[in-house]
Structures are given as C-alpha cells and as structure tokens.
K.L.:
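Structure provided below as structure tokens; questions to follow.
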2 protein chains.
Amino acid sequence: MNETKPIETDPGPEDGGSTGDGKLPLLEKLRGRTEGEIRRRILQAIFEQRLPAGESITEEQLAATFDVSRTVIRQAVARLAQDGILVKSPNKGTAVASPSRKEARDILFVRRLVEPEIVRLLASAPHRFGLTELRKHLAEENEARLAGQRGTLVRLTGEFHLLLAELSGNQVLLRLMTQLQTLTCLAVLLYAEHDEACPRDEHLRIVDAIAAGDGGTAAQEMLNHLTHVEKDLKLDRMTPESSFGDAMGWLRGVPDN
Amino acid sequence: MNETKPIETDPGPEDGGSTGDGKLPLLEKLRGRTEGEIRRRILQAIFEQRLPAGESITEEQLAATFDVSRTVIRQAVARLAQDGILVKSPNKGTAVASPSRKEARDILFVRRLVEPEIVRLLASAPHRFGLTELRKHLAEENEARLAGQRGTLVRLTGEFHLLLAELSGNQVLLRLMTQLQTLTCLAVLLYAEHDEACPRDEHLRIVDAIAAGDGGTAAQEMLNHLTHVEKDLKLDRMTPESSFGDAMGWLRGVPDN
DNA sequence: AGCAATTTGATTGTGCACAATGTAGAGCAC
DNA sequence: GTGCTCTACATTGTGCACAATCAAATTGCT
C-alpha cells in the first residue's frame, strides 16, 4: 500500500503554455511543483487511464507520486473535487469520479443548451482571426487522425470545443465549457462504445457554417454533433452504478431519460 | 492596517441548515470554524457590502476576523476565487471581485441561454411536489416584501432561481446556476439602478406558466424576467473600470455589446 | 455462534513556522 | 531635480507535525 504506484506522467510534454506565468521564477517551478501543474498532471493521469474512474486514492499517495508535500496535493484535489473530477468522502479517501449515466446525460443536456448558441454567436460576427485559428486547429486534428495518434486526437477534439468558447470572448462561457468538457471526457472513458472521439468531419462542417455566417446551420450542426456524441455513449442502459441521488430523483418523480 | 476591521457577520442567523452535516461532531464546528461556514460568512459579508466590491483583503485579516488559522481561510479564499467571487493576484493580495460591465453582460447572457430551458423542462413534467415548493417560496418572498425586509427579500429572490435549477433534477445545472447567481448578485450590487431586486410578480407568472404546463410561455416569461434584470443594471455606459481582458477582447475585434 | 462495544489503524483536518516573492520607499549617483 | 538601485516590509506559498475523525477488525459477552 505504501509503494508509490507508477502514476507519474511522462515528463516529456511539459510545455508550460497554459500556466500563464510570464516569468520563470525558479528552477523548482518548472519541474511541475506548483499547484496548477500538479492539477494538470493529475488530470492527464486520469485521461490516460492511469487513474481509472472510480479508483480510490489518498492524498499521501499523490504526494509521494508527485514528490510534493500534501499541502499542494490538497489544494489540487480540492479544486478538482469542486469541478466534479474527484469526489471526496470526508474521512474515507478521495476517488476519481465515475459519473453515472444520468450525470452523463445531464452534462450533455447542458452542452446541448449552450454550445449551439456559442457557434451561432460566432457565426453572427465572423471575426477573421478566429476563423484562421479554427482552421489551424482542424488541420492539427486531421494530422493527428492520419498519424493515428489517438491520445493527441482525443485531446485536440476536446480542445476544439474549448476554442469555440474562447473565441466567443465570453469568459463565463469558457469557464463553463472547460468544466463540462472535462466531465464529458470522463463519461466518454466510461461509456463510449467506439474508440473514436468526435469521429467524422462534423467539426469541419461547424466551422464551415460559421465561416459562411450561417448561424442557424452552425447551431444545428453543433446540435447534431453533440447528439452523435451522446448516442455513441451507451447511456440508455439501466444504470447499475446509479448513485443514490439518482434514485432519489426517480422517487421524486423526475423523469430519468 | 493590523487592526481587525469589523467584517464579522452577526452570529445570529447561523442556521446550519445548508451544511448538510447530519451529525454535529463537536462544539467547535457549530461556531462556524469549518471551511464551508467560513466561506458562507465571507459571502454574506460581501452581499451585505461589509466587504465592498474591489476591496483588497489579506488572508491574515480574514484569519484574524474569523478567529481561525490562515489554513482554513486559504481554502475558503481559493474556492471563492475559483468561483470568481474573489480575485487573487499572485503575491500581492486578494480582492473582492468587481465584475466589469462586460462580465456582467456575459453572466446574464449565459443565464438567458440556460434558465428559460430550465423552466421549459419543469413545465413539461409538472411534478406536483415541485409546485408546492415553488408556491411556498413565492409566499415567503411576498411575506418578506410586505414586511420590508430587504435583505431577506434579496436572498429569497436569488434562491428562487436556484430552486428552479434544483427542481430540474440536473445537478450540473444546479451547480452552474449557483455560480451564476452569486456573480449576478455582485453585479447587481455594483450596477443596479433601483434598489428593488426581482421586483414585480414575474416570479409568480413563471410559476403559473409551469403549473399550466405551458413550457413556451414559461420560457418566454423567464426570458423577459432576465431581460428586465439586465435592463435594470446600467450596463450600457462606457465602462471605466473595464478590465484589461475586455480591452484585449476589443482589440481582437470581438463585439463588445 | 452471534452480536456488540472497543480498540486500532488509516486518512483527513488544522495550526504554525519558514521560504519565496513582489512592492514600495528611502537613499544615492548623475 | 530626476532616475536608478537597494533595502525593508508585507503577503503569499510550502512543508511539517499534531489533532480529530471515521471504518474496520478484534475481542469479550451472552
């Protein structure tokens, strides 16, 4: 139990592009000892299924694995727990969240509400720079798809939706989508039928509609896309691991489908 | 600078109903020394404008005020900062967020996307118990309005929207609305023209539409309501305190209105 | 044998001390 | 007088040790 499990993410792709620290303060920070970096690495470990959903972990394990004090781990875990990535049982331990089928449906429901309107907004104001960024992203996706780099492809297809939110210029939307996208990844890992993520050229059709300034089509394409994503998840089965909350919801008469 | 400012919220209305702790573990916890309680009290201090928007505070100040260690304050501050209530500058201090007019518009934009669909959903499945809860809440609102208890009224009118989200049975929606509602409160404190919050009987009309099972009307009423709320905020003026991010967005050509 | 109370182990929660860092002000050179 | 540097302070970041709490195993009783 005390042996440090090989959760360590390969320190190679540590491009600190998202940290936002303009200055590099010391050597230590760059080695990923800061809270944000630890959080990123935990997330990466989850997405690469080194930390499978439902896995129970302790703060001390993580502290040993990342070779930092429990204090830093604590902050990272608290934040991930607030985002719903981890679930904390008071004195029993922390576990990687394993969203129930209903939770997965709830997440997709909100995304269907929000994302079509994002692309509608983008289509209504075709700022040129945004299009170039989107085209560049699509090219990267294609490249990864052709090269068969599945991990990279999954990451990029997820980031596509985040890029849309970012281009909307609405920080609130971006924060919301960041949370939802991460949770969606978890659900995909649990319930996806096909291995492919965001498989077809649906991203391309969305971007084309935006470029054409056709908000209605863009919104419809996004809706189709999200519907396909949800269809690919096997969420219609009876949920054996349904949380107690779901049962309560059912008892109260809330429709479950 | 070291003198502890009278941020202390009156310990009277400490009804620990929202903590969810079924068991009362020790005496200490009940006096509000736990992280969630501290967070609640900080929020309350902000909403009662004992901590005005933009006010700069330090962890040590808060620690002294609430008579707890900086460790607990740190967690509470971190979480509030993640929700956008507080803004943390790396080594300069923490401040109460003062959302720019654009941020306020962004918040309301997302609410206009989401909340009409919430009430549409509720109208499509008129679960009886939810209606009774809604009616009860409306009664409480009226009571507070007639009694002239402005603080209570503001709290209740905010909780109305949270109640709707809760009744939808979608935990993701509830979490989202909780964040948005808090931020809206901040914006109202900054930019509201009239003192009244959610003034007219618009809540009643929404509930009536839900009760009638008329999702379209319910959604429209909610949209009207949110539009009125935004109209009451003076968000059309040129924003003198616009954050740097807004300026960057403008430079990039994102439409600002 | 079955059940319950208690002890034990594991895990999180909290406080405190020190390190790192950024800011402002005084002092000095030009 | 102006600009620069350097020092002192204020604030946050981090590590560590102890306290509180909970789950389970063990042991004693019926």
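Just so it is clear: chains get the letters A, B, ... in the order the sequence lines come, proteins before strands, and each one is counted from 1. Only a predicted model underlies this, so the values are computations on that prediction, with no experimental measurement involved.
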K.L.:
Considering residues at least two apart in sequence or located in another chain, which fulfil the side-chain hydrogen bond (donor to acceptor under 3.5 Å, both in side chains) criterion with Ser56(B)?
P.N.:
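Ser56(B) satisfies side-chain hydrogen bond (donor to acceptor under 3.5 Å, both in side chains) with no residue once adjacent residues are dropped.
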K.L.:
Choose from dT14(D), dT12(D), dG13(C) the nucleotide whose nearest atom is closest to any side-chain atom of Glu59(A).
P.N.:
dG13(C)
K.L.:
Once you round it to whole Å, what is the distance between C1' of dC16(D) and CD of Glu60(A)?
P.N.:
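To the nearest whole Å, that distance equals 12 Å.
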K.L.:
Taking the minimum atom-to-atom distance to the side chain of Lys92(A), which one of dT12(C), dT12(D), dA23(D) wins?
P.N.:
dA23(D)
K.L.:
Report all side-chain donor-acceptor pairs from residues 72-86 of chain A shorter than 3.5 Å, counting only partners two or more places apart or in another chain.
P.N.:
unit_1   : atom_1 : unit_2   : atom_2 : d
Arg74(A) : NH1    : Glu59(A) : OE1    : 3.2
Arg74(A) : NH1    : Glu59(A) : OE2    : 2.8
Gln82(A) : NE2    : Asp83(B) : OD1    : 3.0
Asp83(A) : OD1    : Gln82(B) : NE2    : 2.9

K.L.:
Output the rounded distance in Å from CD (Glu35(B)) to C1' (dT21(D)).
P.N.:
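Distance, rounded to whole Å: 17 Å.
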K.L.:
Consider the side chain of Ser69(A), meaning its heavy atoms from C-beta on, and name the nucleotide among dG15(D), dC16(C), dG13(D) that approaches it most closely.
P.N.:
dG15(D)
K.L.:
Does a side-chain N or O from Thr94(B) land closer than 4.0 Å to OP1 or OP2 of dT12(D), or not?
P.N.:
yes
K.L.:
By side-chain hydrogen bond (donor to acceptor under 3.5 Å, both in side chains), which residues pair with Thr184(B), not counting sequence neighbours?
P.N.:
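Testing Thr184(B) for side-chain hydrogen bond (donor to acceptor under 3.5 Å, both in side chains), a comparison that skips the adjacent residues, returns Arg111(B).
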K.L.:
Pick base, sugar-phosphate or nothing for Ser89(B), based on heavy-atom distances below 4.0 Å to the nucleic acid.
P.N.:
nothing
K.L.:
Contact list please: residues 70-85 of chain B against DNA chain D, heavy atoms, distance less than 4.0 Å, in numerical order.
P.N.:
Arg70(B), Arg74(B)
K.L.:
Restricting to side-chain hydrogen bond (donor to acceptor under 3.5 Å, both in side chains), what partner residues turn up for Arg39(A), sequence neighbours left out?
P.N.:
Glu35(A)
K.L.:
Ignoring backbone atoms, establish whether Lys88(B) has a side-chain N or O less than 4.0 Å from OP1 or OP2 of dG13(D).
P.N.:
yes
K.L.:
Over all heavy atoms of both residues, which pair between Gly130(A) and Leu167(A) is shortest? Give the atoms and the distance, please.
P.N.:
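Minimum heavy-atom separation between Gly130(A) and Leu167(A): O-CD1, 3.7 Å.
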K.L.:
Expressed as a whole number of angstroms, how long is the span from Leu62(A):CG to dT11(C):P?
P.N.:
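One finds 12 Å between P of dT11(C) and CG of Leu62(A), rounded.
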K.L.:
Salt bridge (Lys or Arg N to Asp or Glu O under 4.0 Å) with Glu140(A): which residues, sequence neighbours excluded?
P.N.:
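For Glu140(A), no residue satisfies salt bridge (Lys or Arg N to Asp or Glu O under 4.0 Å) once neighbours in sequence are set aside.
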